[in-house]
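In this text, all values refer to a predicted model and were calculated from it rather than measured experimentally. Scope of the values below: all heavy atoms of this structure, side chains included, with no hydrogens, waters or symmetry mates.
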Amino acid sequence: MPGWQHFIHSHLGVKVPVKGCVDATDRMPPMRKHQVSITWLTKYFRDHYESHPLTEESPEDEKVRYARVYLIGMIGGVFFSKKSSNLLSCGWLRIIFSSWEEMGEYSWASACLAMIYHNLCNASLKAVREVSGATFIVQFWAWEHMPWLAPAQRPDRDWPIDHPLRGEAYGARWLGHTTCDNLVQHKLDEYRRRFERLWEGE
């Protein structure tokens with residue numbers, strides 16, 4: 001069993017197929033070189049969960065495996081996602097499979113912000129047409145600082161006043177129903193004028 005394949009098996013208890021294996025396809029094998037498919041891995045555990053759901057009595061190591069897979073999905077699919085595919089570099093697994101205490105020592109917010117800056121710099125190049133990473137953070141920032149870009153909250157927003165995220169995160173301010181009827185649409189000149197006024201400090 002190859003190195004990374006054995007590494008994943010020892011921590012998650014699953015053998016990820018590689019190109020040429022019976023369970024894999026030549027078009028998109030679940031594991032290629034030093035990358036693993038997030039979609040394949042999360043689907044495997046989702047299917048396993050349906051037949052063997054977690055309970056309070058489930059073994060601790062099984063709960064840990066599900067938690068690790070959840071982190072793989074969050075890190076590789078949300079906060080540090082790539083625009084080319086859903087493959088996660090196996091280098092991340094050394095961090096994800098480390099102790100919880102060690103993981104807590106990392107500055108995840110700083111790393112996520114650094115990657116956003118890096119991706120935005122790349123996206124400014126003429127030949128680049130897409131941007132990756134946690135772009136929803138950029139969207140929330142824009143809505144907070146450029147109100148003319150933000151949708152309006154509808155009066156019938158349906159999240160309860162005791163929602164656990166209320167007042168705790170910027171993103172939580174946009175929970176519930178919104179409408180874009182208040183936005184200037186398909187008028188590039190108007191947006192340019194507003195950005196110019198913002199740039200000039202008005």
**Student:** Between the side chain of Lys43 and the main-chain N/O of Ile38, is any donor-acceptor distance below 3.5 Å?
**Tutor:**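 Checked: no pair found.
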**Student:** Using 0.5 Å steps for rounding, measure from the SG atom of Cys112 to the CD1 atom of Ile75.
**Tutor:**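 With rounding to 0.5 Å, SG (Cys112) is 10.5 Å from CD1 (Ile75).
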**Student:** Could you pull out the closest heavy-atom pair between His52 and Tyr66, with the gap in Å?
**Tutor:**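 Heavy atoms of His52 and Tyr66 come nearest at O-OH, 4.0 Å.
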**Student:** Please say which of Thr135, Val131, Ile137 ends up in a side-chain contact (heavy atoms from CB on, under 4.5 Å) with Ile116.
**Tutor:**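 Answer after filtering Thr135, Val131, Ile137: Ile137.
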**Student:** Show the nearest heavy-atom pair for residues Ser98 and Glu102, with the distance to one decimal.
**Tutor:**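 Smallest interatomic distance, heavy atoms only, reads CB-OE1, 3.6 Å.
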**Student:** Can you measure from CZ (Phe79) to CG (Leu113) and round to the nearest 0.5 angstrom?
**Tutor:**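 Rounded to the nearest 0.5 Å, the CZ-CG separation comes out at 12.5 Å.
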**Student:** How many angstroms lie between OH in Tyr49 and CD in Glu62, if you round to the nearest 0.5 Å?
**Tutor:**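 It is 10.5 Å, given to the nearest 0.5 Å.
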**Student:** Parallel, tilted or perpendicular, judged at 30° and 60°: which one describes the rings of His6 and His9?
**Tutor:**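 Parallel, since the angle between the ring planes stays under 30°.
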**Student:** For Ile95 versus Met103, what's the shortest heavy-atom pair and its separation?
**Tutor:**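 Minimum heavy-atom separation between Ile95 and Met103: O-CG, 3.3 Å.
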**Student:** Would you say Thr55's side chain and Glu57's backbone share a donor-acceptor pair under 3.5 angstrom?
**Tutor:**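 Pair found, side chain donor or acceptor close to backbone of Glu57.
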**Student:** Check the angle between the aromatic planes of Trp92 and Trp108 and answer parallel, tilted or perpendicular using the 30° and 60° thresholds.
**Tutor:**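 Judged by the thresholds at 30° and 60°, the geometry between Trp92 and Trp108 is parallel.
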**Student:** Between Leu87 and Lys82, what is the shortest heavy-atom contact and its length?
**Tutor:**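 For Leu87 versus Lys82, the nearest heavy atoms are O-CE, 3.3 Å.
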**Student:** To the closest 0.5 Å, what do you measure between OG (Ser132) and CE (Met115)?
**Tutor:**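 The OG atom of Ser132 sits 5.0 Å away from the CE atom of Met115.
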**Student:** Could you report the tightest heavy-atom contact between Gln5 and Val16, atom names first, then the distance?
**Tutor:**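 Heavy-atom minimum between the residues: NE2-O, 2.6 Å.
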**Student:** Would you say Arg68's side chain and Ile96's backbone share a donor-acceptor pair under 3.5 angstrom?
**Tutor:**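 A pair under 3.5 Å: yes.
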**Student:** Once rounded to the nearest 0.5 Å, what's the spacing between atom CG of Leu93 and atom NE2 of His34?
**Tutor:**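 Taking CG in Leu93 and NE2 in His34, the distance rounds to 12.0 Å.
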**Student:** For the CG atom of Asn119 and the CD atom of Glu130, what is their distance to the nearest 0.5 Å?
**Tutor:**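 Interatomic distance, Asn119 CG to Glu130 CD, rounded to 0.5 Å: 11.5 Å.
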**Student:** Classify the ring geometry between Phe7 and Trp4 as parallel (under 30°), tilted (30 to 60°) or perpendicular (over 60°).
**Tutor:**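 Perpendicular: the ring planes of Phe7 and Trp4 meet at over 60°.
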